[in-house]
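What's counted below: heavy atoms across the whole structure, side chains too, no hydrogens, waters or symmetry copies.
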Amino acid sequence: MIEKPFHQPPSPIPHPLSFIDTHCHMEMKEFDSDREEVIKRAREAGLEVMITIGSDLEGTLEGLKLAELHDFIYCAVGIHPHEAKDFSDQTYSLLKELAQKKKVIAIGETGLDYHYDHSPGDLQRTVFRKQLELANESGLPVVIHSREADEDTLNIVRESGLSHGVFHCFSGNEDMAEQVMALGFYISIAGPVTFKKAKGLQEVAKRIPDDYLLIETDAPYLSPEPFRGKRNEPAYIINTAKKIVELRGISLQDLSRITTLNAKRLFSIGTLPEKGEIVYQIRDSLYLNITNRCTNKCSFCVKFNSDFVKGHRLRLSREPSVAELKKEIGDPSRFREIVFCGYGEPLQRLDAVKQIARWVKEQGGHVRINTNGHANLIHKRNIIPELKGLVDSVSISLDAQDAETYNRICNPYFPQAYEEVLRFTQRVKEVVPDVQLTVVDLPGVDLKKCEEIAQELGVRLRVRELNVVG
């Protein structure tokens, strides 16, 4: 396997948003008359990187030339299933040679397309397997095209053993998406998600976990609304992005950060955050990440699978001081709320929480604490009166309908943790005006009984989806 370095593109033009178009065809004839103007518009729109994708040998070579001409353009080399009929041993040898070029960051696009009959199916499958072999040998991720060929595409990918790549311009259903992600592949969403009748794709775009989501234009094809029917170009990625954030209930900044991070990780471009963030924004709330310590080891907790939430790196190398947190917060009244919630249980650091909460309230801010409800066990006293006047809302992780289920999925340090969660909820209502319980929708969790528990305690219940964080 050839190990290629992490590529560093130039700094993007200053822009409030920064996206990576993970799939376009800038070498195609549709851009011959104004290619440089299209590239300029893309940069002005906030495109940090564009990846131009090979479809045939001529396009692959032209794409490489374009990438070598522009620091912020990279390319993939490959043969589209439509062109499988022209694939030969010489083609494979040339792609293998090109894969070693500095600006080449992926193999593709390759795959299967049974919608048209441009190349016979058996030949498509043979050429697909050959390019997956090349991806395996080169160590590069693979860009996969699948149209009306889901079962064959998935079977061939499984046979290859590859788990490093993306299914581009995804058009499958939720079951297909689950299988793609189970294989370790990213899912890239393009302009069709903006079409009024694309309800199935919109549901997929809504539910893909953050860690698997990419965005693309597939320019010059598949223009998003309101440009449908016209030539697509990378600058139009913002129109696709706006539809995705509407579906997912996040901000454009959130989507920019999430998809850009994913693209950098997949294609080894740019710079990844090296340190855990101590404050991080999601939508219009500011979250405080003050500790990684926790008295639960929940089976569903994101920190056991990733260092990132919504594109923010949260694993801390050390716990921040109160002064550091205040400096990073700035003016707390700028945000809808200041939320104590990171990779650990914030009330492990009760004194820090109280100091910061008091300061936030003095500055006109709103304070929320997300907690597992173990604070009294942690500090061996009733700490709830100490929160009076400092905290506006508390969200407590109930996570199960009984102690047995709770112990199985949350693995608490304290033997009587579940009973304490219920006691903490009952008591904290006396000093905090807004209290809710949360539960993750997992197998074995009885949501109806959890709702009954919340009603008995006189608080709201919020059901969270697995893999949806923040």
Checklist entry - Taking only residues two or more places apart in sequence, or in another chain, which ones meet His23 in a ring pair (Phe, Tyr, Trp, His ring centres under 6.0 Å)? => result His25, His168
Checklist entry - If you measure only the distance, is there a donor-acceptor pair under 3.5 Å linking the side chains of Asn239 and Thr194? => result no
Checklist outcome for this item: Hits for side-chain hydrogen bond (donor to acceptor under 3.5 Å, both in side chains) against Asp392, two or more places apart or cross-chain, chain-then-number order -> Lys361
Checklist entry - How about Val166 and Phe185: do any of their side-chain heavy atoms sit closer than 4.5 Å? => result no
Checklist entry - With sequence neighbours excluded, what pairs up with Asn370 under the side-chain hydrogen bond (donor to acceptor under 3.5 Å, both in side chains) test? => result Arg368
Item to check | pair Leu286-Val339: side-chain heavy atoms closer than 4.5 Å | outcome: no
Next on the checklist: Is it true that His70 and Glu36 share a donor-acceptor pair across their side chains at a distance under 3.5 Å?
Outcome noted: yes
Next on the checklist: Show every salt bridge (charged side-chain N to carboxylate O under 4.0 Å, His left out) that has at least one partner inside residues 179-196, sequence neighbours left out.
Outcome noted: none
Item to check | Donor-acceptor contact below 3.5 Å, side chain Asn262 vs main chain Leu213 | outcome: yes
Checklist entry - Looking at side-chain heavy atoms only, is the closest gap between Phe308 and Pro273 below 4.5 Å? => result yes
Item to check | Listed once per pair and sorted, the salt bridge (charged side-chain N to carboxylate O under 4.0 Å, His left out) pairs that draw on residues 162-187, sequence neighbours left out | outcome: Glu174-Arg207
Item to check | Qualifying residues under ring pair (Phe, Tyr, Trp, His ring centres under 6.0 Å), relative to Tyr280, sequence neighbours excluded | outcome: Tyr287, His312
Next on the checklist: What I'd like to find out is whether the side chain of Val157 reaches to under 4.5 Å of the side chain of Phe167, using heavy atoms alone.
Outcome noted: yes
Checklist entry - Would you call the rings of Tyr236 and Phe227 parallel, tilted or perpendicular if under 30° counts as parallel and over 60° as perpendicular? => result parallel
Item to check | Heavy-atom closest contact (Lys103 atom, Ile73 atom, distance) | outcome: NZ-O, 2.8 Å
Less than 3.5 Å apart, which donor and acceptor atoms pair up between the side chains of residues 437-450 and the rest of the protein, not counting sequence neighbours?
unit_1: Asp446; atom_1: OD1; unit_2: Lys448; atom_2: N; d: 3.1
unit_1: Asp446; atom_1: OD1; unit_2: Lys449; atom_2: N; d: 3.1

Checklist entry - Mind checking what makes side-chain hydrogen bond (donor to acceptor under 3.5 Å, both in side chains) contact with Glu319, not counting sequence neighbours? => result Thr291, Arg293
Checklist entry - With a 4.5 Å limit on heavy-atom distance, are the side chains of Leu390 and Val367 in contact? => result no
Next on the checklist: Holding to ring pair (Phe, Tyr, Trp, His ring centres under 6.0 Å), I want the full list of residues that pass it with Tyr418, two or more places apart in sequence or in another chain.
Outcome noted: Tyr406
Checklist entry - Would a 4.5 Å heavy-atom cut-off, applied to side chains only, mark Phe340 and Asn289 as touching? => result no
Item to check | Arg248 with Asp210: basic N within carboxylate O range, under 4.0 Å | outcome: yes
Next on the checklist: So which atom in Arg315 and which in Ser306 form the shortest heavy-atom distance, rounded to 0.1 Å?
Outcome noted: NH2-O, 3.3 Å
Item to check | side chain to side chain contact (heavy atoms under 4.5 Å, CB included) partners of Arg336, counting only residues at least two apart | outcome: Asp284, Ser285
Next on the checklist: How about CZ on Phe414, more than 12 heavy atoms from neighbouring residues, nucleotides or ligands closer than 6.0 Å, or not?
Outcome noted: yes
Checklist entry - Between Thr371 and Glu345, is any side-chain donor less than 3.5 angstrom from a side-chain acceptor? => result yes
Checklist outcome for this item: salt bridge (Lys or Arg N to Asp or Glu O under 4.0 Å) filter on Asp211, not counting sequence neighbours, yields none
Checklist entry - Between Leu140 and Val104, is any pair of side-chain heavy atoms under 4.5 Å apart? => result yes
Next on the checklist: I'd like to check the side-chain hydrogen bond (donor to acceptor under 3.5 Å, both in side chains) partners of Glu37; sequence neighbours left out, ordered by chain and number.
Outcome noted: none
Checklist entry - Does the side chain of Ile338 come within less than 4.5 Å of Ile329's, by heavy atoms? => result yes
